Amino acid sequence: MIAAYKETETPASRVLYINSKDATTFFNNNQSDFIFALEEPIVVPEHHSFLLSVYSAEIPYSFYNFRIGVNCRLDYAVTAYGVGATYDANGFLDITPGVGATMNLPEGNYNAVELANYLTTHIESAGPVYPLEVKFDPISLKFKFRCLIAGLRITLALKHGAATGTPEAPGEDMNEELGFDFINLFGDPFVERDPAGLQEYYYGYSTHQGTPDAPIAGAGVVVNPPGRSGPFLITPAYYMFSDDCVDMTNSIRSLFLRTNLSTTSVLDSHIGGGFSNILTRVPINTEPGGVISVRPVDGDVHKLLLKVKAITEISITLTNQENQVINLNGLTFDISLKLEFIADRELALAPDRRLDYDVGLQQSRTVQEQLKPKETKKKKTKKTGKKKSSK
């Protein structure tokens, strides 16, 4: 028998503390996706439900914003000035050795400047020679590119790379992080430098039709002329800017804690607005290497109403906004769940305001009719018209 408070007729609330290392079962050997079985089940009394909320959480920021298989790959080609890159029969950049190449970024947490420096020192032609210069512009929040070696062109397969994917199913490339997306209709961006050694830099978008592009005459900067794929002259020392702002948090923008207990309380736009197993969203409020914290005042705000009658096990999964399990790289996290019991009561049906209004209006009219003065009708007396006869 569970004791209840007389004032509320409910048992006292419970707080369940869980460390992921104590899990009963791990999935895919990942300590961010597990089941914890309770030795003593939590039983909900008859005619009661309970409210579930995240009371607190401590999650180490040990996951990476660049991960193998997600956004660490970049296909590219280095060709002669004015010569387009080669594409295969499927429309993807040909990465056959000597024709194209692939750069694989080591997993880790990079900021925009660090990523720009890595691309500058790892996209190479024969040599090693590093013809591509990449810089981050803090004013526009975009990357800017140019070719440093005269007579060369560098094409970045950000739309037609072998691992680019589609908007619905992104591949392994880093196009969103670099500021390029699938909206661009002109193809893959390229930059090149005049072979005569002049300070003339060009940029454009490869249409991969198999025909070489011809530089246009004249100086000045031409930004994305409609219907043209370039190359466009940028002289003397300008850069090609990315289409969009840099998005270094594209793969992990938010953290979500999910559980098997939450199935009808949260709606998620990622699945078309349907019901989700999200327990709560965890904002990333610290830098890499720190600890992301949810305090009781934060987690206790949103509460889920659950109708289950007993809890024997709880599944906990830490994901990103795309429902991909987060890898904490060997570290564990703590979470505490608060359960508050509430009494189920029979609620009266909500009154029909329209019906009440119509009934009240009819009653008012009836009263007004009753209060009206009654009209009296005069009775007409009928005269016989007979006269007495006198003799």
Side-chain angles (χ1 to χ4, degrees), residues 20-21 26-33 57-76 95 100-124 128 130-138 141-145 154 156-158 161-165 169-181 189 242 244-257 281-293 317-334:
S20 59
K21 69 179 180 181
F26 291 108
F27 296 99
N28 298 319
N29 198 29
N30 192 330
Q31 298 195 26
S32 298
D33 189 7
E58 292 77 34
I59 303 171
Y61 194 161
S62 58
F63 51 88
Y64 299 145
N65 62 340
F66 282 85
R67 307 184 304 283
I68 297 296
V70 177
N71 55 352
C72 283
R73 174 170 172 162
L74 178 59
D75 296 331
Y76 68 95
I95 55 174
T102 297
M103 185 214 71
N104 290 301
L105 180 73
E107 287 187 315
N109 285 309
Y110 296 83
N111 60 37
V113 175
E114 292 166 342
L115 179 59
N117 292 338
Y118 191 92
L119 296 177
T120 299
T121 57
H122 286 80
I123 291 183
E124 62 183 44
Y130 305 105
L132 181 66
E133 181 183 28
V134 184
K135 290 187 175 182
F136 174 67
D137 182 62
L141 300 178
K142 295 183 177 182
F143 284 123
K144 54 185 183 180
F145 308 80
I154 303 99
L156 304 178
L158 298 177
T164 302
E172 302 176 27
D173 72 318
M174 57 182 74
N175 59 338
E176 295 288 346
E177 287 78 4
L178 292 179
F180 295 90
D181 53 30
S242 58
D244 305 322
C245 292
V246 171
D247 189 0
M248 302 298 291
T249 62
N250 178 64
S251 65
I252 302 178
R253 183 167 289 110
S254 295
L255 298 178
F256 290 88
L257 284 166
R281 172 184 174 271
V282 180
I284 300 176
N285 50 20
T286 188
E287 297 297 321
V291 177
I292 301 169
S293 298
T317 307
L318 181 65
T319 73
N320 64 358
Q321 68 276 8
E322 302 291 337
N323 198 13
Q324 299 169 335
V325 179
I326 296 297
N327 185 356
L328 295 179
N329 295 299
L331 301 188
T332 62
F333 69 94
D334 295 278

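The structure displayed is predicted, hence computed values, not measured ones.
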How close do [X] and [Y] get, counting heavy atoms only, and between which atoms?
X: Pro131; Y: Glu124; result: CD-CA, 4.1 Å
X: Phe63; Y: Leu328; result: CD2-CD2, 3.8 Å
X: Asp244; Y: Ser242; result: O-OG, 2.9 Å
X: Phe333; Y: Leu257; result: CE1-CD2, 4.1 Å
X: Tyr64; Y: Glu107; result: CD1-CB, 3.8 Å
X: Asn320; Y: Arg67; result: ND2-NH2, 4.3 Å

Checking the side chain of [X] only, and the main-chain atoms of [Y] only, is there a donor and an acceptor separated by less than 3.5 Å?
X: Asn28; Y: Asn30; value: no
X: Asp33; Y: Phe26; value: no
X: Asp173; Y: Arg73; value: no
X: Ser62; Y: Leu331; value: no

Hey, are the side chains of [X] and [Y] touching, using non-hydrogen atoms and a 4.5 Å cut-off?
X: Glu177; Y: Tyr110; answer: no
X: Asn71; Y: Asn250; answer: no
X: Leu74; Y: Leu119; answer: yes
X: Phe136; Y: Lys142; answer: no
X: Glu287; Y: Tyr61; answer: no

Looking at [atom1] of [X] and [atom2] of [Y], how far apart are the two atoms once the value is rounded to the nearest 0.5 Å?
X: Gln324; Y: Thr317; atom1: CD; atom2: OG1; answer: 13.5 Å
X: Arg281; Y: Gln321; atom1: CZ; atom2: CD; answer: 9.5 Å
X: Tyr130; Y: Thr121; atom1: OH; atom2: OG1; answer: 7.0 Å

* Asked: Would you say the side-chain atoms of Ser251 and Asn65 include a donor-acceptor pair closer than 3.5 Å?
  ->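 No, no side-chain donor-acceptor pair sits under 3.5 Å.
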* Asked: Given Ser32, which of Ile59, Leu255, Val325, Thr332 fulfils the side chain to side chain contact (heavy atoms under 4.5 Å, CB included) condition?
  ->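 Single pass found, and it is Val325.
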* Asked: Excluding sequence neighbours, so at least two apart, what forms salt bridge (charged side-chain N to carboxylate O under 4.0 Å, His left out) with Glu133?
  ->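 Testing Glu133 for salt bridge (charged side-chain N to carboxylate O under 4.0 Å, His left out), a comparison that skips the adjacent residues, returns Lys135, Arg146.
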